[in-house]
Amino acid sequence: MKVRVDAATCQGHGRCYALAPDVFESDDHGHCMVIDAELTPEQEAAARAGADNCPEDAITLTDD
Amino acid sequence: MDVQPDTDPAMVLFSPDAADEPHKPYRHLLEQCPVARSDNGSISGAAGASVLISRFEDLNWALKHPEFISSEDAVAIGNDRPLIPLQIDPPEHAKYRRLLDPEFSPKKMAALEPDFRVLVNQVIDQFLDRGECDFHEDFATPLPSTFFLRLTALPLSDLPVFLQWRDNIIRPDVEPGDFDAAAEIRAATGKEIYAYFERALDDRTAQRDHGLLSRLLDAEIEGHSLTREELLDICYLLIIAGLDTVTATLDCMIHFLARHPDERRRLVEDPTLSPVVVEELMRFETPVMVTARTVKQDVTLGDVELRAGDNVTLVLGAGNIDAEEFREPETVDFDRGRNRHLAFGAGPHRCLGSHLARLEVRVALEEWHRRIPDYRIPDGAEFHFSPGIRQTDTLPLVFGSG
């Protein structure tokens, strides 16, 4: 599974990296950066929690 | 409060007791008039028509489309010019956020945590031995304002005058609905605020200190320093936003936890729950009930036509209990997986201080419950929440399980 963040949509709520610090991290502005787009199976639930809690719908998970 | 079906929607929301149990007016708006036109003015204090928007989906759209629902000139609170960055819309707005976001980023805030934790304990030390306190007066008011003055390196001795300004601007002491008297108080207070920050900026122009104002003086946007007016317009917003909202949030959350011992026990027994408790109570309580906008381009929402120039009241608290978005919305559920609440807004004007607020509220709840795990509101205590930004006037607590 892959994870992607749309940088133009992210507004820096910081919910994703608070909930999934192994998947997402903050830049100096508090906006989200994906640490590694390729998720391990163990990371998937946390990544989904981050995506589910993004108020801007900026995070996409894909199966390929 | 029981709402009659034909009551004007703005009056439902701003009646004196609405903020005590705001879910009732929210439910009324969601069920009866999710997009509602009111003839009774708006939270901006401006007379004339106002449109109230209450559904989660509509709020989400409005917050993310400033080209239709603008934040420019949306609320007059004694300021001569637009507040920066709140009342500047994209694309202009982005340059100010690029400058200010790093000052309030989660990384920057995390570095402040140890210092803030010490402060929380010092405040608790003031009243712990008494076995009781007025939570609003003794804890929720001094804590965020003291910390704000530290961040800005302004003298703590100025706190009383800051709090008076805050009250004059946010809840001026006038008869309900007397918009002219309120505007007069706000304008006079605004002059004092500008004069104060003129002096504070002069002092720091002469000699820099370690605070936020000095950093703003040295900041550059696209190769040039901020003008004096830009600096003042940022300071004005910081003092209004920085002194009031966390106080309200602490009042709301401790009031809830005092009355819900089961939820409180979960937090006491597992302090690592605190971030989740903060998010869920932000949603459930929504300390900032509404935020103001104006219509920039005609648009139809639901079956209501919004016309350019209309005042808009975004009822964030109603969106946060909208069953279309939240499962069992009127239940506090710390195990709620998905919680995209709008308590800090969304879109380009997402609350600049949200990460400071989250830090303050989380650490305050952790230290409070570590030291005062049991407390209750004494029988017969009389207090009310103010509409708009939900602060109590007084919140008496007695400690212990008795």
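Throughout, a chain's letter reflects where its sequence line sits, starting with A, and its residues are numbered from 1.
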(request) Determine the option with the most heavy-atom pairs under 4.5 angstrom with chain A, choosing from B:Pro106, B:Ala346, B:Gly347. (result) B:Gly347
(message) Rounded to the nearest 0.5 Å, what separates atom CZ in A:Arg15 from atom CG in B:Asn339?
(response) 6.0 Å
(request) Can you run down the side-chain hydrogen bond (donor to acceptor under 3.5 Å, both in side chains) pairs that involve residues 355-368 of chain B, sequence neighbours left out, and say none if there aren't any? (result) B:Glu113-B:Arg362, B:Arg117-B:Glu366, B:Arg117-B:Glu367, B:Asn121-B:Glu367, B:Ser274-B:Glu366, B:Glu279-B:Arg358, B:Arg362-B:Glu366, B:Glu367-B:Arg370
(message) To the nearest 0.5 Å, what is the distance between CG on A:Asn53 and CZ on B:Arg338?
(response) 8.0 Å
(message) Below 4.5 Å, heavy-atom pairs only: which of B:Leu63, B:Asp101, B:Leu342, B:Leu100 has the largest tally toward chain A?
(response) B:Asp101
(message) Could you measure the distance from the NZ atom of B:Lys107 to the CG atom of A:Asp27? Nearest 0.5 Å is fine.
(response) 7.0 Å
(message) Working to the nearest 0.5 angstrom, can you tell me the gap between B:Arg340 CZ and A:His13 NE2?
(response) 10.5 Å
(request) Return yes when atom CD of B:Glu328 has more than 12 non-hydrogen atoms of other residues, nucleotides or ligands closer than 6.0 Å, and no otherwise. (result) no
(message) Measuring only between side-chain heavy atoms, which start at C-beta, is B:Phe344 closer than 4.5 Å to A:Pro55?
(response) no
(request) Would you indicate whether the side-chain heavy atoms of A:Thr9 and B:Lys64 approach each other to under 4.5 Å? (result) no
(message) Can you confirm whether B:Lys95 is buried at NZ, in the sense that more than 12 heavy atoms of other residues, nucleotides or ligands lie under 6.0 Å from that atom?
(response) yes
(message) If I measure from the heavy atoms of chain A, does B:Pro348 come under 4.5 Å with its side chain, its backbone, both, or neither?
(response) both
(request) Give the member of A:Ala18, A:Ala49, A:Ala51, A:Ser26 that has the highest number of heavy-atom pairs under 4.5 Å with chain B. (result) A:Ser26
(message) What part of A:Cys10 gets within 4.5 angstrom of chain B, counting heavy atoms only: side chain, backbone, both, or neither?
(response) neither
(request) Taking atom CD of A:Glu25 as the centre, report whether more than 12 heavy atoms of other residues, nucleotides or ligands fall under 6.0 Å from it. (result) yes
(message) Other residues, nucleotides and ligands only: do more than 12 of their heavy atoms fall within 6.0 Å of CZ on B:Arg336?
(response) yes
(request) Taking A:His29 for its side chain and B:Arg98 for its backbone only, find out whether a donor-acceptor pair lies under 3.5 Å. (result) yes
